[in-house]
2 protein chains.
Amino acid sequence: MGNRDGAVTPPSAEDGGTPRAATIRDVAARAGVSVATVSRALSGQYPVANATRARVQRAVRDLDYVVNAHARALTGSKSKTIAVLLSDIASPFYSRIAHGVEQQASAEKRLMMVCATHGDPEREVGLVEMLREQSVDAVVLVGGIVDTPEYRERMARLARLLDTAGSRLVLCGRPSPGEDLPVTVVEYENSGGAFAAASYLMDKGHRDILFLGGVGPDTTTQDRLDGFRRALASRDLSADEPGRILTGGNSRQFGYDTIRARLLREELDFTAILAWDDLVAAGAMTALREAGVDVPGRVSILGYNDEQIAQDLVPPLTSVSIPHTELGRSAVRLALHREDPAVASSQHITLGTHIVVRGSVREAARR
Amino acid sequence: MGNRDGAVTPPSAEDGGTPRAATIRDVAARAGVSVATVSRALSGQYPVANATRARVQRAVRDLDYVVNAHARALTGSKSKTIAVLLSDIASPFYSRIAHGVEQQASAEKRLMMVCATHGDPEREVGLVEMLREQSVDAVVLVGGIVDTPEYRERMARLARLLDTAGSRLVLCGRPSPGEDLPVTVVEYENSGGAFAAASYLMDKGHRDILFLGGVGPDTTTQDRLDGFRRALASRDLSADEPGRILTGGNSRQFGYDTIRARLLREELDFTAILAWDDLVAAGAMTALREAGVDVPGRVSILGYNDEQIAQDLVPPLTSVSIPHTELGRSAVRLALHREDPAVASSQHITLGTHIVVRGSVREAARR
DNA sequence: AAACGGATAGCAACCGTATTCTGTCCGAGT
DNA sequence: ACTCGGACAGAATACGGTTGCTATCCGTTT
């Protein structure tokens, strides 16, 4: 009776076709125990004699066995996976949030799926459908949207569907769709951030401030505009004078084009810019430089997001920092521990932002 | 009798606990057909009467049924998922590759998992183990490594293990571990790119060129150094004069510190820099600016990777562009269609790079 | 000495789908 | 009228694990 030694034998008896991966049955056979015993020896949740456990472990190593996650998920109905849906993984904003999700997921022994929606709500719904099939632990939807009744209904529906599938819907950086829904919401201070940013500029003596970038009905834009308006109003200024709020895009090109056109058309009738993000700011700075306008001597500029690029612009860009990583981490943490009394009550949180001071803002010149 | 209309009834008969998600059985019961018929009506691979199909589809909609991906994977042994392992999802280099992977995965109706290794080979192996449990379609390992016999053995082992699990190992941006292994390799021209870059600088009259950044034994560094050496040698210059090759780091800070120290310690004894990547270049440019050295008037600088940041530096950075997205796409495409005769023979490809000309390189000043 | 109970291990019943194998019905061909 | 084959639907089984229940062995307790 051979095979007393540890020689590795192929899992399949017959040698005809392609070798299959080893199953729990192969392990059981090799260790000379039942399938149930193998399962228990590996799970560690059930008493198994040390000698038996050793034999099983030996067989596992010999056969390079790993459990079949699908078979396991089938009985347990948990798949140890977190999914993130974002508009574009290559964007620094989203990839940093994904980074946070990954950190926490990894810490909680979960894998992470990443799906790109390209900003298309229909595709988003379609992807959630696919993820529902996966019985993922949580689905994190990232990024601003247009807040309409239709949006709220859509999210409410997804929340309920995911809930009955045992998954948790997490909205990250977008508003809550309503009360009493099985949903986790992790936001960051857009209104407050813009308020602080505008106040900071006004503290430096600026009165003629441009709000540059953003797309109209999007909640993120609306919230920031709200903060901007409140800040100006608190100093008895109006944000709604013509030509002060320049939304309509959020790309580098938009920042460049808009400021360039403004400089060609008008007097230099502003002393500061609050930009949608650092990229828009970069575009604006390029246009200003080309026009010979000194930054920050003549015009101060404040970015948003505090991206990598901020410190390499000339001058280095002062920017509103968003806790990207913490957003991602919180999303996962709150979703997974939603039963835990410590966090059960905080299924809707709002993280703060802060200004990182560099060199692109200076006291306004006297009028 | 009963329920002739389309009234929605809960999937579970008893109403006690939390509602479960609908299963194929629920659908079958509601449509008044067998489970097998539902499966077939939905797969479309088998003749089903139109009336029956309609009833099934109706039931599916009423119950918000989606198949259980795990159950399906269990019979089919395919999970419709691609996994990417990279060092850090927040880095632009990796996130752009992930972007390409996502594009192709999405086009092939696959989901994408993203795992972060933080550059730790052990963690990489551990993650592959987890992914083997998932019977993923392909596992894409991204990023340079140290090419040792031990590395090759490790990869060979993973390749075989994944192969018997029906998955494909893809190495992206790292060398092939050897012949006759079930592995797909997608590289990009490091040696060639550095050769072209150095040649471009020399075409502009530069003779004293610094190679700035990279970590010693890493294959990517070695390949680029090789290209750099070959280029210089082709013009009868030696790359190995002291102080010409400055490796030891690949961060912005490294670029800044190294150039700053050099300028403090030595004469300005170079006219051009070939940087490891755009970030290192940005750091170097900051150090040069602080020292009052004009770029590109006095020193030209060439970046690598052509990241977003390149166009916003002052001056805009000329850089070697790597086909990040195409790397990711090819990785997935080749892995999934490896049986297809059209690509079966090209399981090891090398994509080219090119120089994107902006404003950071100028003719060298006459000596 | 008999009964008891803790420590282990095996049997078998699921988990939700896909698929093979049968079986029925019905129209068409002879 | 009878047979034959195609179209369709159902029963049964396989996929790879997990887990409740049962069975055995043996040292203890009364």
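Letters A, B, ... mirror the listed sequences (proteins, then strands); counts begin at 1.
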Using distance only, find each side-chain donor-acceptor pair of residues 35-50 of chain A under 3.5 Å and give its atom names and separation, not counting sequence neighbours.
residue, atom, partner, partner atom, Å
A:Thr37, OG1, A:Ser34, OG, 3.1
A:Ser43, OG, A:Arg40, O, 3.4
A:Ser43, OG, A:Gln45, N, 3.2

Chain B on DNA chain C: first and last contacting nucleotide, 5' to 3', under 4.0 Å to a heavy atom?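 Listing 5' to 3', DNA chain C meets chain B from C:dG16 to C:dT20.
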
Of all pairs that satisfy side-chain hydrogen bond (donor to acceptor under 3.5 Å, both in side chains), the ones with a partner from residues 164-181 of chain A, not counting sequence neighbours: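 Matches after skipping sequence neighbours: A:Glu124-A:Arg174, A:Arg168-A:Thr184, A:Arg168-A:Gln347.
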
Is there any side-chain hydrogen bond (donor to acceptor under 3.5 Å, both in side chains) pair reaching into residues 327-339 of chain B, and which pairs are they, with sequence neighbours excluded?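 Checked against side-chain hydrogen bond (donor to acceptor under 3.5 Å, both in side chains) - neighbours excluded - the pairs reaching residues 327-339 of chain B are B:Gln103-B:Arg329, B:Glu108-B:His337, B:Glu326-B:Arg329, B:Glu326-B:Ser330, B:Ser330-B:Arg333.
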
Say you draw a straight line from CD of A:Glu102 to SG of B:Cys115; how long is it, rounded to the nearest 0.5 Å?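 If I round to the nearest 0.5 Å, the distance is 7.0 Å.
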
Enter the distance from A:Leu169:CG to A:Leu141:CG here, rounded to the nearest 0.5 Å. 5.5 Å

Test of understanding: with salt bridge (Lys or Arg N to Asp or Glu O under 4.0 Å), list the residues that count as partners of A:Arg160, not counting sequence neighbours.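 Counting only residues at least two positions away or on another chain, A:Arg160 forms no salt bridge (Lys or Arg N to Asp or Glu O under 4.0 Å).
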
B/S/- contact track for nucleotides 13-22 of chain D, protein heavy atom under 4.0 Å: --BBBBBBB-

Taking the side chain as every heavy atom from C-beta outward, state whether A:Val140 and A:Val186 have any pair of such atoms under 4.5 Å apart.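 No. Closest side-chain heavy atoms not under 4.5 Å.
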
